[in-house]
Amino acid sequence: MDILSDLATGFAVALTPMNLALVLAGCFFGTLMGALPGIGPINGIAILLPLAYSFGLEPASAIILLAGVYYGAEYGGRISSILLNVPGDAGAIMTTLDGHPMAKRGEGGRALALSAVSSFAGSMGALLLLIILAPILTRLAVTFGPAEFVALMVFALCCLASMVGSRPVKTVIGTIIGLALATVGVDSGTGVLRFSFGLTNLFDGVDFLVVVIGMFAISEILLLVEHHYGGNGKVDKVSKSFVKVADLVAVRWVVLRSTVVGFVIGVLPGTGASVASAVAYGTEKRLAGEDNEFGEGDIRGLAAPEAANNAAAVGSMVPMLTLGIPGSGTTAILLGALLLFDVTPGPLLFSQQPDIAWGLIASMFIGNIALLVLNLPLVGIFVRMLSVRQAYLVPVIVMLTFVGIYSIHGASFDLFFMILLGVFGFILRKLDFSLAPVILGLVLGSVLEDNLRRALSMSAGDWSILFHNGVTISLWAFSVLVLVMPLMMAWRKRRRAALLQSEAPQA
Amino acid sequence: MADRLFSLVLMLAAVALGVAAWQLEVPFQYEPVGPKAIPLILAVLLFCCSAWLVIKPDRFKGVYERSLFGRHVMVVLGLLLYAWSFEILGFMLATCLVSTVFARLFGLGLRNALLYSVALGAVGYVLLSIVLELNVPTGTLFGG
């Protein structure tokens with residue numbers, strides 16, 4: 001019953017006219033951002049974040065708006081994936097495999113409608129799981145002390161190292177860069193200035209918004225020059241979106257399974273929509289057996305990743321809200337946004353600021369319904385967005401990023417620093433470094449350092465406090481396991497391949 | 001090659017970070033860790049990981065073309081021009097100027113680029129400064 005009354009509190013917050021308008025606006029702009037090839041949820045939020053900050057919105061309202069952009073963009077990503085075979089972000093890649101062949105067969109409307117319904121079901125199912133799981137995790141996390149939090153954060157960073165990007169070493173380097181950026185400025189413990197190079201603008205530390213906008217939005221512009229998608233206007237006319245009952249019946253178990261898979265993967269730190277959709281797609285392909293058209297326009301291959309990536313988007317909110325540890329790059333930005341508004345996510349959020357935590361959850365219910373309603377009849381408008389030329393789009397993005405950053409402190413320094421970080425982010429991306437770990441490191445850096453200092457102050461400098469009970473030891477053990485497992489599996493794979501090779505000539 | 005070069009730069013950065021962290025002096029310290037510990041740990045980790053990348057770099061298939069380098073330099077120069085002119089010329093004029101550069105870079109004709117940029121500067125100013133009341137500079141050149 002507690003949950004129901006908490007949810008009622010949340011709906012009271014989410015249904016105020018202002019917040020309702022923000023949910024709808026967030027969903028609409030999120031869908032547009034997601035639909036534009038190359039923009040995606042993380043860039044969408046990065047561009048809108050400083051603007052939301054400058055508007056002076058209440059924390060609950062701002063986070064409701066940004067979350068709306070997040071799951072709106074997850075919906076929108078499917079439009080360019082299905083119609084153009086251009087995924088907006090990594091999470092939408094699997095959608096292209098069966099969605100685009102359907103569009104080529106002239107079933108664009110059917111594919112868009114089915115993916116919208118699958119996304120809706122995935123989000124709603126994951127929201128129910130979030131409501132059940134969040135209070136349990138919160139109750140557990142309340143018992144955590146500084147040593148447990150240090151172990152938990154190390155576990156989160158290890159998960160990240162083993163799951164994000166093609167090279168774990170590069171992910172670790174990205175995290176270190178983020179953690180190092182977090183050390184700039186006045187040290188909170190001793191008041192000593194660290195790595196500010198005498199620049200007064202850096203005394204308060206590196207601004208989170210400047211890093212996010214620089215690394216994501218500015219580097220994206222540099223990447224867009226390369227891919228130079230001209231928006232050739234060759235998007236075929238899409239027939240009216242409709243949902244066939246037969247299709248829904250055919251994919252009902254696929255959607256249910258993918259929702260659970262997506263949610264669980266989303267909850268794990270370091271993974272996100274891209275891993276969730278790939279795993280869900282692979283699972284369904286295996287389960288389909290011989291009788292399938294996966295890769296050629298199978299509706300199961302479309303429904304599975306769509307349900308999974310939306311469920312993962314919701315799932316990644318769980319560790320962010322309950323533990324203060326982001327599950328993905330996008331939630332790292334959302335976490336940073338909460339910190340900007342002086343809201344500290346973590347176990348005490350649900351008890352001390354229930355309006356924010358439950359308001360956000362309730363707004364996600366409303367947002368998902370709004371997205372479904374928006375997406376089915378208005379798909380034509382979003383489709384038309386695909387033919388917008390980049391020559392028109394890029395100047396708008398540049399303008400929004402500059403105004404967003406300048407309006408925070410009114411200092412040109414931030415603009416130059418943003419460009420510098422943008423070029424650095426571009427080099428990292430060109431060299432196959434993922435940027436999400438940098439943001440995660442930046443967000444977690446000061447929290448990790450504060451908790452480590454607190455723990456060691458309690459033990460008078462005795463490092464064994466970090467391994468003092470079952471919880472910490474288990475978390476450290478999991479961290480080692482998460483790091484060692486992929487190496488062990490790769491070693492076994494190599495050994496098996498070598499064995500097969502050595503047996504082959506004898507046979 | 002690119003990976004190796006970048007890793008070497010990172011190794012140098014790690015050494016610089018370590019040296020700078022080592023020199024941090026605290027007059028009074030009430031807790032055992034201090035401001036040095038985390039940066040020093042990070043410096044050591046960064047050095048080790050970068051050294052690993054020097055030994056085992058990635059092989060990149062794509063080739064970075066020289067013509068692309070020119071376009072990237074243009075984008076960065078455009079951004080720097082915007083950052084420099086933002087306060088001096090003010091939002092509207094700076095946006096008109098730089099949007100023209102970007103619209104041209106992405107393939108729009110000069111006339112259309114100019115028309116679009118003027119419209120963007122004017123509409124952007126009304127929307128961001130007047131409607132949304134954001135902190136948008138009017139330009140020191142014009143007494144703003």
Side-chain angles (χ1 to χ4, degrees), chain A residues 51 54-55 166-167 169-170 172-173 176-177 179-180 183 187 189-192 194-195 218 221-222 224-226 228 230 389-396 398-400 402-404 406-408 410 412 415-416 418-419 422-423 426-427 430-432 445 448-449 452-454 456-457 459-461, chain B residues 2-3 6 10 17 20-21 24-26 28-35 37-39 42-43 45-46 49-50 52-53 56 58 60 64 68 71-72 74-76 78-80 82-84 86-87 91 95 98-99 102-108 112-113 116-117 120 124 128 132 134-137:
Chain A
L51 291 177
S54 316
F55 291 156
S166 54
R167 290 283 301 273
V169 181
K170 288 191 168 177
V172 176
I173 291 177
I176 295 170
I177 292 170
L179 289 168
T183 61
D187 170 37
T190 54
V192 170
R194 294 194 290 193
F195 320 119
I218 299 295
I221 292 165
L222 286 160
L224 282 176
V225 177
E226 279 177 49
H228 200 8
R389 289 181 64 172
Q390 285 194 341
Y392 295 117
L393 195 65
V394 172
V396 177
V398 173
M399 181 185 81
L400 288 178
F402 271 64
V403 170
Y406 186 81
S407 54
I408 304 167
S412 291
L415 300 178
F416 287 107
M418 168 184 80
I419 296 167
V423 174
F426 170 72
I427 295 170
K430 286 301 289 178
L431 294 174
D432 274 347
L448 176 66
E449 190 172 10
L452 181 67
R453 284 173 156 186
R454 224 171 284 152
L456 289 172
S457 292
S459 69
Chain B
D3 240 10
F6 186 68
L10 281 180
L17 180 69
L24 288 172
E25 286 303 329
V26 192
F28 300 103
Q29 193 170 321
Y30 302 100
E31 37 102 0
V33 179
I38 293 281
L42 293 177
L45 276 175
L46 184 59
C49 291
S50 316
W52 180 258
L53 263 192
K56 281 193 162 183
D58 276 347
F60 297 102
Y64 188 73
L68 209 54
R71 290 173 73 85
H72 280 145
M74 286 292 286
V75 170
V76 175
L79 291 169
L80 287 172
Y82 201 18
W84 171 78
F86 208 63
E87 275 186 340
F91 168 82
T95 303
V98 176
S99 292
F102 278 101
R104 288 283 296 140
L105 258 174
F106 281 85
L108 212 60
N112 282 346
Y116 178 67
S117 303
L120 189 65
L128 297 167
L132 299 175
L134 290 176
N135 180 13
V136 170

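Just the heavy atoms: all of them, side chains too, but no hydrogens, waters or symmetry mates, feed the values below. Chain letters run A, B, ... following the sequence lines, proteins first and then strands; every chain starts at 1. Because the structure is predicted, anything quoted here is derived from the model rather than measured.
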Peer 1: Indicate yes or no for a side-chain donor-acceptor contact from A:Arg389 to the backbone of B:Gly107 under 3.5 Å, with no hydrogens or angles considered.
Peer 2: yes

Peer 1: Which atom names give the shortest non-hydrogen contact between B:Leu46 and A:Ile176, and what distance separates them?
Peer 2: N-CD1, 3.7 Å

Peer 1: Chain B heavy atoms under 4.5 Å from A:Val192: which part of the residue, side chain, backbone, both or neither?
Peer 2: side chain

Peer 1: What is the minimum heavy-atom distance between A:Leu431 and B:Ala2, and which atoms define it?
Peer 2: CD2-CB, 3.7 Å

Peer 1: Minimum heavy-atom separation for A:Arg194 and B:Pro35, please, with both atom names.
Peer 2: NH1-O, 2.8 Å

Peer 1: List the atom of A:Val398, the atom of B:Leu79, and the distance in Å for their closest heavy-atom pair.
Peer 2: CG1-CD2, 4.0 Å

Peer 1: What are the two closest heavy atoms between B:Phe102 and A:Ile221, and how far apart are they?
Peer 2: CE2-CG2, 4.3 Å

Peer 1: So which of A:Phe195, A:Tyr392, A:Phe426 has the largest heavy-atom pair count under 4.5 angstrom toward chain B?
Peer 2: A:Tyr392

Peer 1: Determine the minimum heavy-atom distance between A:Phe402 and B:Ala83, stating which atoms define it.
Peer 2: CE2-N, 3.5 Å

Peer 1: Step by step, work out the side-chain contact (heavy atoms from CB on, under 4.5 Å) result for A:Ile419 and B:Leu80.
Peer 2: CA-CA 7 Å; A:Ile419 296 167; B:Leu80 287 172; 4.0 Å; yes

Peer 1: Considering only heavy atoms, which portion of A:Ile408 lies under 4.5 Å from any heavy atom of chain B: side chain, backbone, both, or neither?
Peer 2: neither

Peer 1: For A:Thr183, is it the side chain, the backbone, both, or neither that has a heavy atom closer than 4.5 Å to a heavy atom of chain B?
Peer 2: side chain

